[in-house]
**Q** 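Structure provided below as structure tokens; questions to follow.
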Amino acid sequence: MESRLAIWVVVLVLVGGENGGVSGSGPMSCGFPAIFNFGDSNSDTGSMSSAGGENQLPLGMSVGKKFKRACDGRLIIDFLAESLGLPYLNSTMDSIGTSYKHGANFATSGTKTGQYDSNPVPFNLGVQISQFLRFKSRTTALYTNTSNDDPLVKSSLPEPEVFSNALYTIDIGQNDIAYNFDLKSKPEIFDRYYDSLQRLLDNGAKFVWVHNTGPFGCLARIQRSNCTQDGSPCPAADEHGCLIQWNNVAQEVNALIKDRVYKLRAKYPDAVITLVDVYSAKYSLFGNPKSQGFDEPFNYCCGSQYIWCGGRELEVAGTFASYYESAKLINATCNNPSKYISWDGVHYTEAANRIVANLIASGTFSDPPVPISEACHK
């Protein structure tokens with residue numbers, strides 16, 4: 001394990017740097033005209049903010065404005081879009097005055113691969129695929145039935161041919177672990193995952209970029225609830241402080257994802273389906289965090305063990321705030337999020353997201369081992 005981590009740190013230095021990235025303009029570049037993304041809060045760029053109340057600072061503090069993400073700044077999907085020379089994706093739930101010319105984001109915080117229990121968030125992966133198919137059919141109809149000179153259609157929606165040349169990105173599974181610890185006994189959960197991706201491929205998607213799920217046992221909130229922070233050994237943790245049992249579950253989930261991806265490749269030989277080992281890329285952050293500019297890896301910047309980042313004091317002495325945004329923020333926020341891996345105990349900071357995005361965009365953690373800019377090639 002230690003030798004593999006050493007290799008990952010070397011790769012991080014080579015591809016990351018301070019402003020590291022992967023150019024999308026090489027001779028083998030696919031020139032993807034758009035990205036269509038599906039997932040949970042790790043790639044949600046506005047769905048929950050639009051549906052559940054607009055995000056307020058400190059969310060977005062590293063970009064200096066209110067930002068529609070569960071982060072101090074940019075997510076992995078934002079950096080991947082940058083590496084392809086594309087604008088950030090807008091959520092389809094945040095549609096007023098929004099452009100989807102270069103793609104759309106269907107990811108919604110709190111969602112899972114399927115609706116198999118009482119999860120209150122209904123926008124599981126299957127629903128997101130249905131939303132996309134509706135988006136595609138309505139967009140195609142508008143181009144068919146509207147004059148080509150209509151400036152609104154041309155400026156805000158992708159041309160019909162974009163759908164067959166776009167990159168489709170999938171990043172989901174963390175909430176399946178959070179709500180169902182014993183996933184190994186429930187492989188049918190990932191049959192729904194397979195069915196959702198199959199619908200995408202049956203409807204013209206050719207280039208699919210699939211993330212496996214990250215090391216759940218390294219999430220600061222999970223780790224701190226099982227280990228003391230006084231420097232004493234934690235029997236439940238590995239040599240880097242991550243919880244072994246939870247990471248084993250994540251690895252079981254990733255084996256199920258890999259199995260479904262390989263089955264899809266066999267069924268759709270003309271499609272290019274890239275499986276990305278996000279687990280290993282994120283785990284590499286914990287091997288030697290200080291060398292990457294991070295302080296204690298299991299502290300987090302915003303919130304506390306009992307109060308979520310952005311939590312507000314809705315009631316004071318029996319009087320309720322007149323509206324959510326007027327209530328006082330009651331959680332502490334660090335001064336420099338870039339010194340933290342974890343933003344709020346569950347989500348990564350912009351600084352950590354940048355490193356992970358640079359690693360996976362390079363193709364180092366991809367199967368087949370191609371950079372994201374060349375993910376139309378096998």
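Everything quoted here is computed from the prediction, not taken from an experiment.
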**Q** Using 0.5 Å steps for rounding, measure from the CG atom of Leu243 to the SG atom of Cys234.
**A** 6.0 Å
**Q** Has the side chain of Ser130 got a donor or acceptor atom that lies under 3.5 Å from a matching backbone atom of Gly126?
**A** yes
**Q** Donor-acceptor pair, distance only, cut-off 3.5 Å: does the side chain of Asp94 make one with the backbone of Asn90?
**A** no
**Q** Could you give the distance from CG (Asn336) to OG (Ser62), rounded to the nearest 0.5 Å?
**A**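 Atom-to-atom, Asn336:CG and Ser62:OG are 7.5 Å apart.
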**Q** Can we call the ring centroids of Tyr279 and Phe365 under 6.0 Å apart?
**A**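 Distance test on ring centres: not under 6.0 Å, no.
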**Q** Can you hop from Val253 to Tyr262 via hydrophobic side chains spaced under 4.5 Å?
**A** yes
**Q** In terms of relative ring orientation, are His240 and Tyr283 parallel, tilted or perpendicular, with 30° and 60° separating the classes?
**A** perpendicular
**Q** Taking the side chain as C-beta and beyond, is there a heavy-atom pair between His347 and Arg221 under 4.5 Å?
**A**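 No, their side chains stay 4.5 Å or more apart.
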**Q** Within the 3.5 Å criterion, strictly below it, is a donor on Thr113 or Asp176 matched to an acceptor on the partner's side chain?
**A**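 Yes.
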**Q** To the closest 0.5 Å, what do you measure between CG (Leu256) and OG1 (Thr213)?
**A**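 OG1 of Thr213 is found 11.5 Å from CG of Leu256.
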**Q** Contact between Leu285 and Phe294 at the side-chain level, heavy atoms closer than 4.5 Å - yes or no?
**A** yes
**Q** Does any N or O in the side chain of Glu350 come within less than 3.5 Å of the main-chain N or O of Gly60, such that one atom is a donor and the other an acceptor?
**A**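 Flag not set: sc Glu350 to bb Gly60 has no pair under 3.5 Å.
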**Q** Salt bridge between Asp202 and Lys267, side-chain N to carboxylate O under 4.0 Å?
**A**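 Between Lys267 and Asp202 there is no salt bridge, as every charged N stays at least 4.0 Å from the carboxylate O atoms.
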**Q** Is Tyr88 close to Arg69 at the side-chain level, that is, under 4.5 Å between some pair of heavy atoms?
**A**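 They are in contact (side-chain heavy atoms under 4.5 Å apart), so the answer is yes.
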**Q** Any chance you could lay out the side-chain contact (heavy atoms from CB on, under 4.5 Å) test for Asp295 and Ile341, step after step, and finish with the verdict?
**A** CA-CA 8 Å; Asp295 293 333; Ile341 293 175; over 6 Å; no
**Q** Does Ile273 reach the side chain of Val210, with side-chain heavy atoms less than 4.5 Å apart?
**A**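 They are in contact (side-chain heavy atoms under 4.5 Å apart), so the answer is yes.
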**Q** For a side-chain contact (heavy atoms from CB on, under 4.5 Å) check, start with the C-alpha distance between Leu359 and Thr364, then their side-chain angles and the critical distance, and finish with the verdict.
**A** CA-CA 6 Å; Leu359 286 170; Thr364 304; 5.6 Å; no
**Q** Using modelled atom types and a 3.5 Å cut-off, is there a donor and acceptor pairing between side-chain atoms of Asp259 and backbone atoms of Ala255?
**A** no
**Q** Could you tell me if Ser43 and Asn37 have a donor-acceptor pair between their side chains, going purely by distance under 3.5 Å?
**A** yes
**Q** Any luck finding a side-chain donor-acceptor pair between Tyr340 and Glu296 under 3.5 Å?
**A**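 No, because no side-chain N or O of Tyr340 sits under 3.5 Å from a partner of the opposite role on Glu296.
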**Q** Side chains of Asn105 and Ser91: is there a donor and an acceptor less than 3.5 Å apart?
**A** no
**Q** Looking at Cys302 and Cys334, are the sulfur gammas closer than 2.5 Å to each other?
**A**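 Unbridged: Cys334 and Cys302.
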**Q** Are Phe32 and His102 near enough that their ring centres are under 6.0 Å apart?
**A**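 No - the distance between ring centres of Phe32 and His102 does not fall below the 6.0 Å cut-off.
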**Q** Do Cys309 and Cys301 have their SG atoms less than 2.5 Å apart?
**A**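 Answer is no, sulfur atoms not closer than 2.5 Å.
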**Q** Rounded to the nearest 0.5 Å, how far apart are CG of Leu89 and OG1 of Thr98?
**A**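 If I round to the nearest 0.5 Å, the distance is 12.0 Å.
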**Q** Any donor-acceptor pair under 3.5 Å linking the side chain of Thr139 with the backbone of Lys136?
**A**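 Not at all, since once roles are kept as given, no pair shorter than 3.5 Å links the two residues.
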**Q** Do Gln223 side-chain atoms and Gly241 backbone N/O form a donor-acceptor pair below 3.5 Å?
**A** yes
**Q** Indicate if Val370 and Leu264 have the same hydrophobic cluster label, given that clusters are the connected sets of ILVMFWY residues with side-chain heavy-atom separations under 4.5 angstrom.
**A** no
**Q** Is the closest side-chain donor-acceptor distance between Asn299 and Arg224 under 3.5 Å?
**A** yes
**Q** Would you say Arg74's side chain and Asn353's backbone share a donor-acceptor pair under 3.5 angstrom?
**A**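 Between the backbone of Asn353 and the side chain of Arg74 there is no qualifying donor-acceptor contact (under 3.5 Å).
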**Q** Is Ser366 reaching over with its side chain to a backbone N or O of Val276, donor-acceptor style, under 3.5 angstrom?
**A**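 Side chain of Ser366 to backbone of Val276, a donor-acceptor pair under 3.5 Å: no, none is there.
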**Q** So does Pro58 get a backbone contact from the side chain of Thr333, meaning a donor-acceptor N/O pair under 3.5 Å?
**A** no
**Q** Of Phe106, Phe207, Phe132, which meets ring pair (Phe, Tyr, Trp, His ring centres under 6.0 Å) against Tyr168?
**A** Phe132
**Q** Just wondering, do Asn254 and Val278 contact through their side chains at under 4.5 Å, heavy atoms?
**A**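 Result no, sub-4.5 Å side-chain heavy-atom pair not found.
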**Q** What distance do Leu275 atom CG and Lys258 atom NZ have between them, rounded to the nearest 0.5 Å?
**A**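 Interatomic distance, Leu275 CG to Lys258 NZ, rounded to 0.5 Å: 7.5 Å.
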**Q** Just so I know, are the side chains of Val249 and Phe216 near enough to count as touching, which here means a heavy-atom distance under 4.5 Å?
**A** no
**Q** Run the numbers on Tyr193 and Asn124 for side chain to side chain donor-acceptor pair (under 3.5 Å), then give the verdict.
**A** CA-CA 10 Å; Tyr193 181 95; Asn124 61 70; over 6 Å; no
**Q** Ile35 and Phe79: same hydrophobic cluster, using ILVMFWY side-chain contacts below 4.5 Å?
**A**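 No, it is not one cluster - the side chains of Ile35 and Phe79 are not joined through contacts under 4.5 Å.
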**Q** Taking Gly303's backbone N and O only, do any of them form a donor-acceptor pair with Asp344's side chain (distance below 3.5 Å, no angle check)?
**A** no
**Q** With side chains defined as the heavy atoms from C-beta onward, is the minimum distance between Ile76 and Arg354 less than 4.5 Å?
**A** no
**Q** Go through the side-chain N and O atoms of Gln174 and Asp40 and say whether any donor and acceptor fall under 3.5 Å apart.
**A**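 Checked: Gln174/Asp40 side chains show no N/O donor-acceptor pair below 3.5 Å.
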**Q** What is the distance from atom CD of Gln292 to atom CZ of Phe286, rounded to the nearest 0.5 Å?
**A**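 Gln292 CD to Phe286 CZ: 9.5 Å, rounded to 0.5 Å.
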**Q** Please lay out, stage by stage, how Val208 and Val272 fare under the test side-chain contact (heavy atoms from CB on, under 4.5 Å).
**A** CA-CA 6 Å; Val208 185; Val272 181; over 6 Å; no
**Q** Same cluster or not: Leu125 versus Leu133, using hydrophobic residues (I, L, V, M, F, W, Y) connected whenever any side-chain heavy atoms lie under 4.5 Å apart?
**A**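 Yes, because Leu125 and Leu133 connect within a single hydrophobic cluster, where side-chain heavy atoms sit under 4.5 Å apart.
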**Q** Is the count of non-hydrogen atoms from other residues, nucleotides or ligands lying under 6.0 Å from Lys101 atom NZ greater than 12?
**A**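 Count over threshold, so yes.
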**Q** Would Asp195 and Arg260 satisfy salt bridge (charged side-chain N to carboxylate O under 4.0 Å, His left out), going step by step from the backbone distance to the final call?
**A** CA-CA 9 Å; Asp195 292 341; Arg260 300 317 189 263; over 6 Å; no
**Q** Got Phe38 and Thr111 here, is their nearest side-chain heavy-atom distance under 4.5 Å?
**A**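 No, their side chains stay 4.5 Å or more apart.
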**Q** What residues form a ring pair (Phe, Tyr, Trp, His ring centres under 6.0 Å) with Tyr100, not counting sequence neighbours?
**A**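 If we apply the ring pair (Phe, Tyr, Trp, His ring centres under 6.0 Å) test to Tyr100, skipping adjacent residues, the hits are Phe135.
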**Q** Side chains of Asp44 and Ser109 only: does a donor on one sit below 3.5 Å from an acceptor on the other?
**A**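 A donor-acceptor contact under 3.5 Å links the two side chains.
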**Q** Output, in order, the C-alpha distance, side-chain angles, deciding distance and verdict of side-chain contact (heavy atoms from CB on, under 4.5 Å) for Asn42 and Leu75.
**A** CA-CA 7 Å; Asn42 289 311; Leu75 307 178; over 6 Å; no
**Q** Decide whether a cation-pi geometry holds between Lys263 and Tyr194; the criteria are a distance under 6.0 Å from NZ or CZ to the six-membered ring centre and an angle within 45° of the ring axis.
**A**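 Verdict for Tyr194: no cation-pi partner in Lys263.
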**Q** Will you find, in the side chains of Tyr348 and Asp72, an N or O donor that is under 3.5 Å from an N or O acceptor?
**A** no
**Q** Search all heavy atoms of Leu167 against all heavy atoms of Ala375 and return the closest pair with its distance.
**A** CD1-CB, 4.4 Å
